[in-house]
Each structure stands twice: as C-alpha cells, then as structure tokens.
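The structure presented is a predicted model; accordingly, all values stated were derived computationally and were not measured. All residue numbers refer to positions in the sequence shown, counting from 1. Keep in mind that the numbers below use all heavy atoms, side chains included, and drop hydrogens, waters and symmetry copies. Counting starts at 1 for both ligands and their atoms, following the listed order.
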Amino acid sequence: MKSRKQSVLYAQITEKSRIKQKARVSATYIKMTIPLQEAIVDEAMPATLTFYVDSRFTAAHVKAIKRMLAGTIFSWVEYFDELDGGNTPRFKNCMRKYAKFNLSPVWFEEKIANGGASLEVMMDGLTTALAANGFGKAAKAYIMYGTGNFNVKAVNASDPERNSLTVTVNPRFLEKTLTDGIRAGALWHAWMHRLGYRHPAGKYTNYAIGEACMCIMRHHQNKLSTEKDSKYTQYMD
Ligand SMILES: [Zn+2]
C-alpha cells in the first residue's frame with residue numbers, strides 16, 4: 001500500500017507525463033508550399049515543394065526557414081547550371097579534393113571512385129527526393145521544432161523515393177547572425193542523413209556528408225590552413 005506521500009508523488013509524476021504527452025500530441029503543423037527553382041535535370045520536376053511547419057515557429061522563424069530552404073536548393077540548381085554550361089561544377093571540384101570516406105549512400109551498391117563522382121550520386125539522390133516531395137510520392141516532410149544542443153538535425157533514412165525530407169530545427173539557430181551559406185550547409189547535412197549518407201558521430205572531415213556541407217559553407221573555396229573545420233562542423237548534427 002502506498003503512503004500518502006508516495007501517492008502524492010505518484011500523482012505528480014502522472015500529471016507531468018500526461019502534460020508531456022498532451023504537448024507532444026498537440027503540436028500542430030502549418031502547410032507551407034514553396035516554389036522549386038528550375039534546375040537543368042533530365043527528369044520532370046514539380047513546380048513546388050511542400051513542408052509542414054511546426055506552428056510554434058514565429059513569423060520571423062518561418063521567414064528564415066524559407067530562406068534556408070531556398071539557399072539549400074540553390075546549391076542543387078547551381079550544380080546543374082554549371083554542369084550544363086560545360087564546366088565542371090565548383091561543388092564537384094571541391095568534393096573531389098576533400099571527400100574521401102563514405103562516398104556511397106546506403107542504397108547505392110556500386111563502389112564510388114572519388115569525391116567528385118560521389119557528388120553526382122548525391123545530386124541525383126536529392127533530385128529524386130525533391131521530385132518525390134513535390135509530386136506527393138514521399139511521406140510528408142515536417143519542419144519540426146526542437147530545443148537543445150543542436151542546430152538542424154534529422155533522423156537517418158535510406159530511401160530518397162519514399163522517405164521524407166523531415167528535419168528538426170532549433171529556433172535559436174534561426175535567430176543567430178549567420179551567413180546564408182552556413183544555414184544552407186547545415187540543412188544540406190541534415191537532408192543528406194535522410195538521403196542515406198552517414199558519418200561516425202562527431203566526425204565530419206573527409207566524410208562525403210561532412211565535406212559536402214563544408215563546401216557549401218565555404219562557397220566551394222579551398223580550405224585555408226588557418227581555418228579549422230570546426231568553424232563549420234559546429235553547425236552540423
Ligand atoms: Zn551528421
């Protein structure tokens with residue numbers, strides 16, 4: 001039999017977990033449709049993408065999220081634009097130089113020769129995921145609200161045709177004064193986890209998923225000997 005003290009404690013704990021559960025269930029999401037910039041790719045692409053944004057984000061946060069999405073997608077558009085122009089995309093040169101490990105996503109069975117080739121596969125994966133989102137073939141993509149010691153994070157996934165581009169964004173990250181490149185790279189990193197790319201916890205250097213976002217963050221410029229990777233990797237999950 002419980003003493004009165006224990007019963008009170010038990011009631012308090014039950015109440016707390018009930019509130020927690022209620023909070024989780026009551027998170028509401030607002031549908032957001034954004035235009036998809038046109039990229040010179042072989043397959044038919046949708047005109048828009050759809051995301052479901054947690055209603056706890058303020059109007060300023062939502063604006064920053066839209067800007068981050070546009071910046072991330074621009075890296076994809078720019079790659080195909082440069083490719084169509086007959087030059088090796090700057091992004092590809094950057095990856096050829098720095099990406100050495102985990103060049104293949106989990107769904108890709110062949111061996112990838114180098115970092116430059118790995119970006120081709122990565123870009124195709126993103127093309128597939130964007131098409132699946134816009135044509136409604138993939139699961140709904142949520143922009144979830146989260147606080148704690150992270151900036152943008154995503155749960156590992158492995159099927160760009162069906163898995164969503166769902167990520168969790170820390171509102172504090174959106175409030176920081178950062179360049180568009182930093183934000184775009186951070187989201188790119190999270191999306192690549194969704195697309196089947198992996199890295200050992202806390203290790204980013206020379207991993208395809210780490211170098212790709214550092215390339216975006218540095219605008220595809222070479223690394224400087226005076227600059228540590230942590231300047232960029234601090235924003236990756
Ligand atoms: Zn990561």
Practice task
With side chain to side chain contact (heavy atoms under 4.5 Å, CB included) as the test, would you mind laying out the steps for Lys111 and Ser104 before giving the verdict?
Solution key: CA-CA 7 Å; Lys111 193 159 164 49; Ser104 307; 6.0 Å; no

Handout entry: Heavy-atom side-chain contact between Glu120 and Met123 under 4.5 Å
Key = no

Practice task
Dump the intermediate steps for salt bridge (Lys or Arg N to Asp or Glu O under 4.0 Å) on Glu227 and Arg218, then the final yes or no.
Solution key: CA-CA 11 Å; Glu227 208 171 67; Arg218 291 196 315 271; 5.5 Å; no

Practice task
Specify whether Tyr29 and Tyr142 have parallel, tilted or perpendicular ring planes, treating 30° as the upper limit for parallel and 60° as the lower limit for perpendicular.
Solution key: perpendicular

Practice task
Return the orientation label for the Tyr235 and Phe173 ring planes: parallel under 30°, perpendicular over 60°, tilted otherwise.
Solution key: tilted

Handout entry: Residue-atom pairs from the protein, N, O or S only, that lie under 2.8 Å from the Zn ion (ligand 1)
Key = His189 NE2, His193 NE2, His199 NE2, Asp237 O

Practice task
Check the surroundings of atom CD in Glu175: do more than 12 heavy atoms from other residues, nucleotides or ligands lie under 6.0 Å from it?
Solution key: yes

